[in-house]
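Quick notes on the structure that follows.
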2 protein chains.
Amino acid sequence: MTKLIDVAKAAGVSIATVSRVLNNPETVNADTQQRVQQAIKSLNFRPSRVAQRLRSKGGNSKIIGLVLPDIQNPFYVDVIRGIEEVMYEHGYAAIMCNFAQDEKRERLYLDILKSESIDGLIVAPVHGRDQKVAGLVLSGLPIVCIDRGLTGVEADVVLVDNQQGAYDAVSHLIKLGHRRIAYISGLPQIPTSRARLAGYEMAFRENELVVDEELIKYGDSKHESGMKLTEELLALPTPPTALFTGNNLITLGALETIHRQGLKIPEEIALVGFDDMYWSISLNPPLTAVKQPGFEMGKRAAELLFQRIKDPSRPTAKVVFDAKLQVRSSCGATTIKTS
Amino acid sequence: MTKLIDVAKAAGVSIATVSRVLNNPETVNADTQQRVQQAIKSLNFRPSRVAQRLRSKGGNSKIIGLVLPDIQNPFYVDVIRGIEEVMYEHGYAAIMCNFAQDEKRERLYLDILKSESIDGLIVAPVHGRDQKVAGLVLSGLPIVCIDRGLTGVEADVVLVDNQQGAYDAVSHLIKLGHRRIAYISGLPQIPTSRARLAGYEMAFRENELVVDEELIKYGDSKHESGMKLTEELLALPTPPTALFTGNNLITLGALETIHRQGLKIPEEIALVGFDDMYWSISLNPPLTAVKQPGFEMGKRAAELLFQRIKDPSRPTAKVVFDAKLQVRSSCGATTIKTS
DNA sequence: ATTATTTATGAAAACGTTTTCAGTAATTAA
DNA sequence: TTAATTACTGAAAACGTTTTCATAAATAAT
């Protein structure tokens, strides 16, 4: 690795001058500058980011942390892509930490990131009262939360109106005549799970229907749990006529169980999922789903993070995107009216 | 941030001793050790990885780089999960770089990683003669290639027998009676695209059939290109009776086009894809596909990387996994025999 | 012509570790 | 009892930057 001193020698200046050419070119004489630039180019010099980070901490180490619950969920992949898009433009790199919905793992990653002296952090906290993340916010590290906010501490957050999205989905099912609508939730401690439940309940309330508690199931937001809970629901004495699934992976699990049991969608069981995928149209049947703009959310989060890195004292922002119902064919009118 | 000196003061020792307790506990007296450990705990001290990395370069900075072509492709997501699994066990973090099949972007990320003093790198090079990656290998950085090897330079590599996988897929179609089988390839410069083409051609040759060049299309390995090229194929005077798609995303694109045109699978057009997804069974129809064990590949790559970090001189390894055809219902017998 | 100001540069400290080297205290060998 | 090891520990250098401070040269002001 060529370093500052090599360039300095080649250009016949001190390392301070080389550093200045790199960071404050205007403070150095034009032809010295030229000589240094030349040396830099010919030696193909690139400053060590590690040394940079060690020396000048806070705000120009060009690396951020990314802490997400589940990289297997296409929604978060979209988020990552959005974040990466704007990171790349700024010459930033990201340390990716996938904590798989496991709080212990999240903690470990946060510790690592802390000791990596990152400039900032984008995180979807395990739950709203995540002390570890809250502590980092308080410590002054620029942080923006995505998908889920933090209660009790001020922090930027980018998310979707989950309650509204769920409400729309369930209302749609109700309008189609469904009355026994099950909700397969993700982990109950995740704020989005609760918000979506609230939307579900709101739809029932507004239609003067009562929710049957046995139709609400809690899982762990993964494919397997979607499969298993769907089995349980279908095994009920009076099974639901429609399913509202709490996220992407649950939806796919539910689909698998339904197909394995040879049930017809939507004739025998209707399905609406939270989270759309660009290939939802190719599912069997094309899936009706609530779409979150993951890519845009990621971009927005990254932009907010840069803003905060630049100006740590700016007031916190809460960006709420719309969740839009994409109607396809997985939830036609019910044949088994139960009202 | 509490640092070595704080712990040292609290324990009444020098920073050297604290460092030793951390790295070579056996060299320090038992009760001193205890005192230091106590101080570490009570101050909640964690060494700065940045300083560690700057000081002792090569092999214990606990961070690696991850350079992949397309995070949107579920195959790479599996790979990442596998890698992450073993990274996590070792307390390593990964800087994730998604170069989106763009060589310029790959180069920039590699430069960044270099100046981050990573311990090692797992990469799927843009193409076999990737000079940038080759240069890094030559420079002595521990590297393992995944999904695609490097020609002309010795490096560890983990991949799948692409030719065999493609051969199996196309043979299967031929056995079902198909003769006009199209191949939608990803970017031709990607080694896997070529290996899969070779498998395709081999299947034809072994069955004493000739390939019709107009049925081979090259795209950019993404969803859109899968859609577009499928349209082109279907618009042919005598369209193919079966499609072999070169990767995940192309398959989904093809599916979308086929559905939009209202064609029946497999009656009007059969489909076999390269890359399976765990939800392939929920597609319409359940997809027959060649499955790569992405998760295992990722784990293996990470293990190889650790081995090489420990012993940079060990001979390079080439790990070839099997690609297994998962037969589902997207490619029944053809009705339009053309032989 | 002298002083004050500006411009351009370098020397050296600092960031937080690891590691070498040397030295002291304790143990063993003679 | 003295010499030779051995076991611990600390001082200081090193990693590659950025930045402060001082200084020399050049310019402007008197």
Side-chain angles (χ1 to χ4, degrees), chain A residues 1-37 39-40 43-63 91 111-119, chain B residues 1-37 39-40 43-63 91 111-119:
Chain A
M1 277 289 282
T2 103
K3 37 190 187 178
L4 229 37
I5 184 77
D6 304 318
V7 178
K9 277 181 188 150
V13 297
S14 76
I15 59 169
T17 299
V18 181
S19 176
R20 274 188 281 255
V21 170
L22 255 27
N23 303 299
N24 306 86
E26 66 281 3
T27 70
V28 21
N29 180 283
D31 31 327
T32 316
Q33 207 177 126
Q34 234 229 309
R35 228 161 357 116
V36 172
Q37 286 290 11
I40 289 179
L43 291 176
N44 191 27
F45 168 77
R46 288 175 187 286
S48 154
R49 287 179 165 235
V50 180
Q52 288 182 318
R53 196 171 309 146
L54 179 60
R55 174 51 225 247
S56 54
K57 42 188 31 202
N60 50 344
S61 65
K62 302 262 182 185
I63 198 157
D111 279 339
I112 289 182
L113 290 176
K114 211 165 125 192
S115 76
E116 285 286 356
S117 310
I118 52 174
D119 276 352
Chain B
M1 277 289 281
T2 103
K3 38 192 186 177
L4 230 36
I5 185 77
D6 304 318
V7 179
K9 276 180 189 152
V13 296
S14 76
I15 59 170
T17 299
V18 181
S19 175
R20 273 189 280 256
V21 170
L22 256 27
N23 303 299
N24 306 87
E26 66 281 3
T27 70
V28 20
N29 180 283
D31 31 327
T32 317
Q33 207 177 127
Q34 235 229 307
R35 226 160 359 113
V36 172
Q37 286 290 11
I40 289 179
L43 290 176
N44 192 27
F45 168 77
R46 287 174 187 287
S48 154
R49 286 177 165 237
V50 180
Q52 289 182 317
R53 196 170 310 146
L54 179 61
R55 175 51 225 245
S56 55
K57 41 189 30 204
N60 51 343
S61 65
K62 301 263 182 184
I63 197 158
D111 279 340
I112 290 182
L113 290 176
K114 211 166 126 193
S115 75
E116 285 287 355
S117 310
I118 51 174
D119 276 354

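Here is how names work: the chains are called A, B, and so on, in the same order as the sequence lines, proteins then strands, and each is numbered from 1.
Of the candidate nucleotides dT9(D), dT18(D), dG16(D), dT18(D) has the atom nearest to the side chain of Leu4(A). With dT18(C), dG10(D), dT17(D) as the choices, the nucleotide that has an atom nearest any side-chain atom of Ser14(B) turns out to be dG10(D). In this structure, of dT18(D), dT9(D), dG16(C), it is dT18(D) that holds the atom nearest to the side chain of Asn23(A). Out of dT17(C), dT18(D), dA11(C), the shortest distance to the side chain of Ser56(A) is found at dT18(D).
Using a 4.5 Å cut-off on side-chain heavy atoms (C-beta onward), Val13(B) and Val18(B) make contact. Under the 4.5 Å side-chain criterion, counting only non-hydrogen atoms from C-beta, Val21(A) is in contact with Gln37(A).
Taking 4.0 angstrom as the limit, Thr32(B) places none of its side-chain polar atoms (N or O) nearer than this to OP1 or OP2 of dC8(D). Contact between the side-chain N/O atoms of Ser19(B) and the OP1/OP2 oxygens of dT17(C) is not found at any separation under 4.0 Å. Gln52(A) has no side-chain polar atom (N or O) that falls below the 4.0 Å cut-off from OP1 or OP2 of dG16(D).
Arg20(A) contributes a side-chain N or O that forms a donor-acceptor pair with the base of dG10(C) under 3.5 Å.
At the heavy-atom level, Ile15(A) lies under 4.0 Å from base atoms of the strands shown. Across all strands shown, Thr17(B) has heavy atoms under 4.0 Å from sugar-phosphate atoms exclusively, and none from any base. Using a 4.0 Å heavy-atom criterion, one finds that Ser48(A) contacts the sugar-phosphate atoms exclusively. Within 4.0 Å (heavy atoms only), Val13(B) reaches sugar-phosphate atoms of the nucleic acid but no base atom.
Screening Asn23(B), Asn24(B), Asn29(B) against Thr27(B) for a side-chain contact (heavy atoms from CB on, under 4.5 Å) leaves a single residue, Asn24(B).
Projected onto DNA chain C by closest heavy-atom contact, Leu54(B) and Ala16(B) fall at different nucleotides, the more 5' of which corresponds to Leu54(B). DNA chain D is contacted by both Val28(B) and Arg55(A); Val28(B) maps to the nucleotide lying nearer its 5′ end (nearest heavy atom per residue).
dT18(C) atom C1' lies 16 Å from atom NZ of Lys3(B), rounded to whole Å. In this structure, CD of Glu116(A) is placed 15 Å from P of dG16(C), rounded to the nearest angstrom.
We find that Glu116(A) and Lys62(B) are not joined by a salt bridge, their nearest charged nitrogen and carboxylate oxygen being 4.0 Å or further apart.
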>> Go through it in stages, so that I can follow the logic: the residues are Arg49(A) and Ile112(B), the test is side-chain contact (heavy atoms from CB on, under 4.5 Å), and I'd like the CA-CA distance, side-chain angles, deciding distance and then a yes or no.
In response: CA-CA 8 Å; Arg49(A) 287 179 165 235; Ile112(B) 290 182; 3.6 Å; yes

